[in-house]
**Student:** 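Shown below is the structure under consideration.
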4 protein chains.
Amino acid sequence: MVKGYSVPLSPLGQANLASAPPWHYSSDVLAAEFWVDGDAARSLLPPNVTIDGTGAARAVIMYLDWQFTGSNDEMLDPARYQYRETFVLLDARWRDMAIAYCPYIFVDNDAAIMRGFTQGFPKKLGSVFQTRSFAAPSPAAAPVAAGSRFGASLSAHGERLADLRVTLREKVPDPTTVFNRPTVMRRYFPRLDGKAYDKPAVNQLTLSLTDNLHIVDLWAGEADVRLSEVRGEELHALAPVRVGRGFRFGMSYTVTDLRILEDYAA
Amino acid sequence: MVKGYSVPLSPLGQANLASAPPWHYSSDVLAAEFWVDGDAARSLLPPNVTIDGTGAARAVIMYLDWQFTGSNDEMLDPARYQYRETFVLLDARWRDMAIAYCPYIFVDNDAAIMRGFTQGFPKKLGSVFQTRSFAAPSPAAAPVAAGSRFGASLSAHGERLADLRVTLREKVPDPTTVFNRPTVMRRYFPRLDGKAYDKPAVNQLTLSLTDNLHIVDLWAGEADVRLSEVRGEELHALAPVRVGRGFRFGMSYTVTDLRILEDYAA
Amino acid sequence: MVKGYSVPLSPLGQANLASAPPWHYSSDVLAAEFWVDGDAARSLLPPNVTIDGTGAARAVIMYLDWQFTGSNDEMLDPARYQYRETFVLLDARWRDMAIAYCPYIFVDNDAAIMRGFTQGFPKKLGSVFQTRSFAAPSPAAAPVAAGSRFGASLSAHGERLADLRVTLREKVPDPTTVFNRPTVMRRYFPRLDGKAYDKPAVNQLTLSLTDNLHIVDLWAGEADVRLSEVRGEELHALAPVRVGRGFRFGMSYTVTDLRILEDYAA
Amino acid sequence: MVKGYSVPLSPLGQANLASAPPWHYSSDVLAAEFWVDGDAARSLLPPNVTIDGTGAARAVIMYLDWQFTGSNDEMLDPARYQYRETFVLLDARWRDMAIAYCPYIFVDNDAAIMRGFTQGFPKKLGSVFQTRSFAAPSPAAAPVAAGSRFGASLSAHGERLADLRVTLREKVPDPTTVFNRPTVMRRYFPRLDGKAYDKPAVNQLTLSLTDNLHIVDLWAGEADVRLSEVRGEELHALAPVRVGRGFRFGMSYTVTDLRILEDYAA
């Protein structure tokens, strides 16, 4: 008898890429808001998800240095469970609900891919870096303070997809004024049997449930966002028509559940 | 409207990790057969799959340097589409059919992970190397010839999981005398919604369909197989009780379909 | 005319692996002290460097998450200039001077290799991870506090060389009670011309000069150190006979100079 | 007493990045010739090395999949000793000698960096891929034959530096009609002591000595070469003004010695 939450199932249930929840996360985040061509945003949305109005659509790009732990001290094995991620969110609407829809996400860890697929995050492998803030004073320390500058980059297969620069200006007392939309994804697993390439086994609109969400030490300032054209990617279609504020903060939450908003296959 | 065979779906359908079949593959393979504890093999099998008899079970480990192409000249973009893989197969039986069941597989590429998940291969990320054979004569060339030695290694997250050494002795005229069982996998996607951790969305026994299969230049010889214990893995439970022949060959095939042998969820 | 501090020299002097100092560094460090067989320590030392006494020798292993900047905002390009490092130091003596001699060091970045070689650090490529401490509260956050646990690992070419676990117990008010010896290395570049393999072009005993050294937030506690035997490495000869305290702290300094203690080639 | 050819020196002499010669190499090579702005080429040359004439200068870019062995069966440990490399050569002249000068070279392995530095190759870390040719027939096989297409890419730190495409047309019977110039490098190790940043410890013009050189299965055809501008690199200053033939071949040789053409420091 095999055990485990995900493949590979195994006799002891220790080999699975993702073990059963709870999944606990804590991170440092470098982010920016920007506006993209409304049609470019709309063309990425699943059925019954819309963008308000006819003008540019608001997007957010986030770079995250993550630490994960489950129930087995995973954070003491950082070679397996520490990882880095970049994703884009589009301000959108499902029925009456204001949401942040995630069309693209890149990560450098296979356990994170599996936990992501399970929720509906369309993860690909990427190489992600962000300037860190260190306690020991130095021109290299990048303290979280007014005037400090941070950079971040996303590459895939040796090609640069996205660069971010942020200069901190001031602390934001209430993070919920900035980040207040739940994240929505499309959980989609294709079929191969019978060559049913366009009849997916799973095709759902899902909503991320984040218990014990904390956003701490949120700073805002100026930002620069660059999305580069790369063969095999379409991220650059979201190149900014305008860039808003940049952000740096800490974020943590726990995942144990998922809400299915719609089942497109039904 | 988004397009594509797999996530991420996108306006042009070019961002998907796996595009729709046909999927064409060609490889160099270093492999060995070995025997493992029968209970260890049995404990890895899904329902209705069995091992013959009560003694040791025959297993095969393969290291593959793969080149992939779909319909868009992917082989000209080797940074994205060339990859390396290691897997283990267990000689088993589903009903009356002699099969090779795949409990573990590691690969160094995300497109390969997605195509693998779609078929039921339980892929994790690994770092895979095998001695190659080069045409220019040198003590470093490792020609495919009697007496030539080859090594291969599999690591994950900086830990060595499996080492293989093969010394070639003679060419095998008919490859079908060695490799003649179809590969069977368990296609399994878990659920998170409603905390239904043990009620997978997809839970099927699948059979790999390989069109235009070619096995060429098959050589056999002696082998040494070492499987190491690593926290978070269970591969070492298949440590050899006896090692048989080692092999080196070329293999190619095309994938366009999949057969569902059983639907465990039904 | 080409410019630059190191190779590759280039017309604008921007392609060099290491640009001219100042080199500014800030880091988070996980470390432990341990004692090793005295003969094993002695057998690693260069001429005129000794270990006190006849018993076990004290060693320190450090894992460092580094951020580097030179004079060109390198810290805003973390894909190139953020890196991770593990090294071992042996308490030793050169003439009357108490020193910490560095026999082995691993790093994941090529600019760091070049700056290291220039000083005499015998750097090899490694894959280095340490548990990080995040501000957002979570079971995954690993705060710097009594009872918090941290792990760290070093691998090279897919093989695990060294594991460290530390449990924090108390803050150390004065870091100089723990870290107070200057680091000494052997700067050694071999020759190939005339097959003079044993007549190095450079063969010096060097002393690292660290301006503006800061050690902050030093905590101490228990530690576990494991050094594994790997073909092509000799680190495991320093396997602990006894493990002392573990440490976690921040460290920063600037490098602009180097002291040559002895020129063995002269 | 420590032993070894290069750092790190160690009691058994097994930890050194590069062991003493002989160094045996065999490879598959994808290459192209192209012409670059004459001033751009001249600005990369060391003292007493010149480009003929006033027009464009001929350059060659090579991508190499290498297998290395020394005297200890290194080729059986491909995770450590198999590597990939890209370099550029400029047709030049030292005194009366026609040479190929190497201004830039990238490699994905630390032992290769050390052996390279010892000879004078200015190696940086890069991620290198080339389309391979496999024996098993498939649209993915890329046979060495008229009409076959090959791609290659070089990236560093997640940014694409150079792309090559080659279409094979015909076999070249005599490789010496194409590759017939010895490779010349600048062996240069900077100093840090006394802040003598511009007084290198080693500053020599060196000539690579390749014993038992074999170039086999040389095919020629059309080529496309793209060099991209990347911050921190100057390779793109050699962007082609014209591209000539592309090549695919096997190459092997052994290194045991080096010739010093000039000692600039003397």
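In what follows, chains carry the letters A, B, and so on, assigned in the order in which the sequence lines appear, proteins first and then strands, with residues in each chain numbered from 1.
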**Student:** Could you tell me which of Val7(C), Ile260(C), Thr256(C), Leu44(C) has the largest number of non-hydrogen atom pairs under 4.5 Å with chain D?
**Tutor:** Thr256(C)
**Student:** Indicate yes or no: at least one non-hydrogen side-chain atom of Glu234(D) is less than 4.5 angstrom from one of Val2(C).
**Tutor:**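 A side-chain contact is absent here, since even the closest heavy-atom pair is not under 4.5 Å.
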**Student:** Ignoring hydrogens, what is the shortest heavy-atom contact between Ala156(C) and Arg80(D)? Give both atom names and the distance.
**Tutor:**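 Scanning both residues completely, I find the closest heavy atoms to be O-NH2, 4.3 Å.
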**Student:** With the side chain counted from C-beta on, respond yes when Val202(C) and Val202(D) share a heavy-atom pair under 4.5 Å apart, and no when they do not.
**Tutor:** yes
**Student:** How long is the gap from CG on Leu261(D) to CG on Asp193(C), to the nearest 0.5 Å?
**Tutor:**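 Between Leu261(D) CG and Asp193(C) CG, I get 11.0 Å after rounding to 0.5 Å.
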**Student:** What part of Leu9(C) gets closer than 4.5 Å to chain D, counting heavy atoms only: side chain, backbone, both or neither?
**Tutor:**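 Interface part for Leu9(C): both.
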**Student:** For each of Ala196(D), Gly194(D), Ala237(D), tally heavy-atom pairs with chain C at distances under 4.5 Å, and name the one with the top tally.
**Tutor:**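 Of Ala196(D), Gly194(D), Ala237(D), Gly194(D) has the most heavy-atom pairs under 4.5 Å with chain C.
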**Student:** Would you indicate whether Gln14(C), at its atom CD, is surrounded by more than 12 heavy atoms from other residues, nucleotides or ligands within a distance under 6.0 Å?
**Tutor:** yes
**Student:** Could you tell me which of Tyr188(D), Phe121(D), Tyr5(D) has the largest number of non-hydrogen atom pairs under 4.5 Å with chain C?
**Tutor:**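 Ranked by heavy-atom pairs under 4.5 Å with chain C, first place is Tyr5(D).
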**Student:** Counting heavy-atom pairs under 4.5 Å to chain C, which of Ala40(D), Ala20(D), Gly232(D) comes out on top?
**Tutor:** Gly232(D)
**Student:** Do Lys124(C) side-chain atoms and Pro8(D) backbone N/O form a donor-acceptor pair below 3.5 Å?
**Tutor:** no
**Student:** Inspect the surroundings of CZ in Arg226(C) and state if more than 12 heavy atoms from other residues, nucleotides or ligands are less than 6.0 Å away.
**Tutor:**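 No.
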**Student:** Is there a side-chain contact between Lys123(D) and Asp110(C) (heavy atoms, below 4.5 Å)?
**Tutor:**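 Not in contact.
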**Student:** Go through the atoms of Pro103(C) and report whether side chain, backbone, both or neither lie under 4.5 Å from a heavy atom of chain D.
**Tutor:** backbone
**Student:** Please find the pair of heavy atoms, one from Pro21(C) and one from Leu192(D), that lie closest to each other, and give the distance.
**Tutor:**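 Heavy-atom minimum between the residues: CG-CD1, 3.6 Å.
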**Student:** Below 4.5 Å, heavy-atom pairs only: which of Arg187(D), Arg42(D), Gln119(D), Glu74(D) has the largest tally toward chain C?
**Tutor:**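 Among the listed options, the one with the most contacts to chain C is Arg187(D).
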**Student:** Which one of Ala79(D), Ala18(D), Pro190(D) has the most heavy-atom pairs closer than 4.5 Å to chain C?
**Tutor:** Pro190(D)
**Student:** Check each atom of Arg115(D) against the heavy atoms of chain C and say whether the ones under 4.5 Å are side chain, backbone, both or neither.
**Tutor:**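 Neither; nothing under 4.5 Å.
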**Student:** Just verifying a value: how many Å separate Leu235(C) CG and Ser10(D) OG, rounded to the nearest 0.5 Å?
**Tutor:** 11.0 Å
**Student:** Go through the atoms of Asp77(C) and report whether side chain, backbone, both or neither lie under 4.5 Å from a heavy atom of chain D.
**Tutor:**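 Contact with chain D is through the side chain of Asp77(C) alone.
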**Student:** If you tally heavy-atom pairs under 4.5 Å against chain C, which of Gly158(D), Pro11(D), Pro122(D) wins?
**Tutor:**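 Greatest number of close heavy-atom pairs with chain C: Pro11(D).
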**Student:** Distance from Asp198(C) atom CG to Lys3(D) atom NZ, nearest 0.5 Å?
**Tutor:** 13.5 Å
**Student:** Shorter than 4.5 Å, heavy atoms on both sides: which option in Lys195(C), Met1(C), Glu233(C) has the most such pairs with chain D?
**Tutor:** Lys195(C)
**Student:** Is it the case that atom CZ in Arg181(D) sees more than 12 heavy atoms from other parts of the structure closer than 6.0 Å?
**Tutor:** yes
**Student:** Check whether Glu159(C) gets within reach of chain D through its side chain, its backbone, both or neither, counting any heavy atom under 4.5 Å.
**Tutor:** side chain
**Student:** So which of Pro200(C), Ala15(C), Ser6(C) has the biggest tally of heavy-atom pairs under 4.5 Å with chain D?
**Tutor:** Ala15(C)
**Student:** Check whether Tyr197(C) reaches the backbone of Ser19(D) with its side chain - one donor and one acceptor, N or O, closer than 3.5 Å.
**Tutor:**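 Between the backbone of Ser19(D) and the side chain of Tyr197(C) there is no qualifying donor-acceptor contact (under 3.5 Å).
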**Student:** State, to 0.1 Å, how close Arg191(C) and Thr118(D) come at their nearest heavy-atom pair, and which atoms those are.
**Tutor:**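 For Arg191(C) versus Thr118(D), the nearest heavy atoms are C-CG2, 4.5 Å.
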